[in-house]
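Shown next, in structure tokens, is the structure this report addresses.
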Amino acid sequence: MNTELRTEINSSLLYFTGSEQLWEHKTFIGKLYLTDGCNYLRDKAQCRWFFDLIKSYQPKLKNEEFQKWVLERVSDMDFLITCDDGNDNILVRQKIPFSDFPLTGITVWKVDEVVMLPREY
């Protein structure tokens, strides 16, 4: 794991509060909108797949206006993704058996069609 990249991303994410614009994240089933912080995360951590995964669950979660998505490392390259409704009611749980995601974890919120860092709310 690249500790310099992890440090750079973690440090940079602290500066994202609010968002000046929304960025389209297009998938084969539609699109999401990302705030500046999530757009930075997607590009710098090369985790387009994470936002693709969030969008892929939306048909199942269409009645959930607020979703908290957590990506956490469980071992060297294994991750667990969970989504809850903000009240600790788990809506999605998926194991990711391999990823080179550089961080130990990240939490994003999806409010309507916008995915944001909690600090950007």
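Under a hydrophobic-cluster definition in which Ile, Leu, Val, Met, Phe, Trp and Tyr are linked whenever side-chain heavy atoms come within less than 4.5 Å, directly or via other members, Leu103 and Leu34 are assigned to the same cluster. Hydrophobic clustering, with ILVMFWY side chains joined whenever heavy atoms are under 4.5 angstrom apart, keeps Val114 apart from Leu61. Residues Phe50 and Val115 fall within the same hydrophobic cluster, defined by Ile, Leu, Val, Met, Phe, Trp and Tyr side chains chained together at heavy-atom separations under 4.5 Å. There is a path of hydrophobic side-chain contacts, each under 4.5 Å, that joins Leu32 to Trp49.
Side chain to side chain, Tyr57 and Gln94 meet the donor-acceptor criterion of an N or O pair below 3.5 Å. If you check the side chains of His25 and Asn39, you find no donor sitting under 3.5 Å from an acceptor.
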Distance-only check: which donor-acceptor pairs under 3.5 Å involve side-chain atoms of residues 12-23, not counting sequence neighbours?
from: Ser12; atom 1: OG; to: Glu8; atom 2: O; distance (Å): 3.0
from: Ser12; atom 1: OG; to: Tyr40; atom 2: OH; distance (Å): 3.2
from: Ser19; atom 1: OG; to: Gln21; atom 2: O; distance (Å): 2.8
from: Ser19; atom 1: OG; to: Asp36; atom 2: N; distance (Å): 2.8
from: Ser19; atom 1: OG; to: Asp36; atom 2: OD2; distance (Å): 3.4
from: Trp23; atom 1: NE1; to: Asp36; atom 2: OD1; distance (Å): 2.8

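Every residue two or more places apart in sequence or in another chain that forms a side-chain hydrogen bond (donor to acceptor under 3.5 Å, both in side chains) with Ser75 is listed here: Asp78. The side-chain contact (heavy atoms from CB on, under 4.5 Å) test applied to Asn87 returns Asp85, Asn89, not counting sequence neighbours. Applying the ring-ring contact (aromatic ring centres under 6.0 Å, His included) criterion to Phe79, with sequence neighbours excluded, gives Phe101.
Here the side chains of Ile9 and Pro102 are in contact, with some heavy-atom distance below 4.5 Å. The closest side-chain heavy-atom distance from Val108 to Leu117 is below 4.5 Å. Considering only heavy atoms from C-beta on, Glu65 stays 4.5 Å or farther from Val111 through its side chain. Side chains of Trp69 and Ile106 form no contact here, defined as non-hydrogen atoms less than 4.5 Å apart.
Shown here is Phe66, whose CZ atom has more than 12 heavy atoms of other residues, nucleotides or ligands within 6.0 Å. More than 12 heavy atoms of other residues, nucleotides or ligands lie within 6.0 Å of CD in Glu113, so this atom counts as buried by the packing criterion.
Distance alone, capped at 3.5 Å, places no donor-acceptor pair between the Arg48 side chain and the Phe51 backbone. Looking only at distances, a side-chain donor or acceptor of Glu120 sits under 3.5 Å from a matching main-chain atom of Gly37.
Apart from Leu80 itself, the hydrophobic cluster it occupies contains Val74, where clustering links Ile, Leu, Val, Met, Phe, Trp and Tyr at side-chain heavy-atom distances under 4.5 Å.
To the nearest 0.5 Å, atom NZ of residue Lys31 and atom CD of residue Glu24 are 4.0 Å apart.
Pairs engaging residues 98-111 under the side-chain hydrogen bond (donor to acceptor under 3.5 Å, both in side chains) rule: Gln58-Lys110 [sequence neighbours left out].
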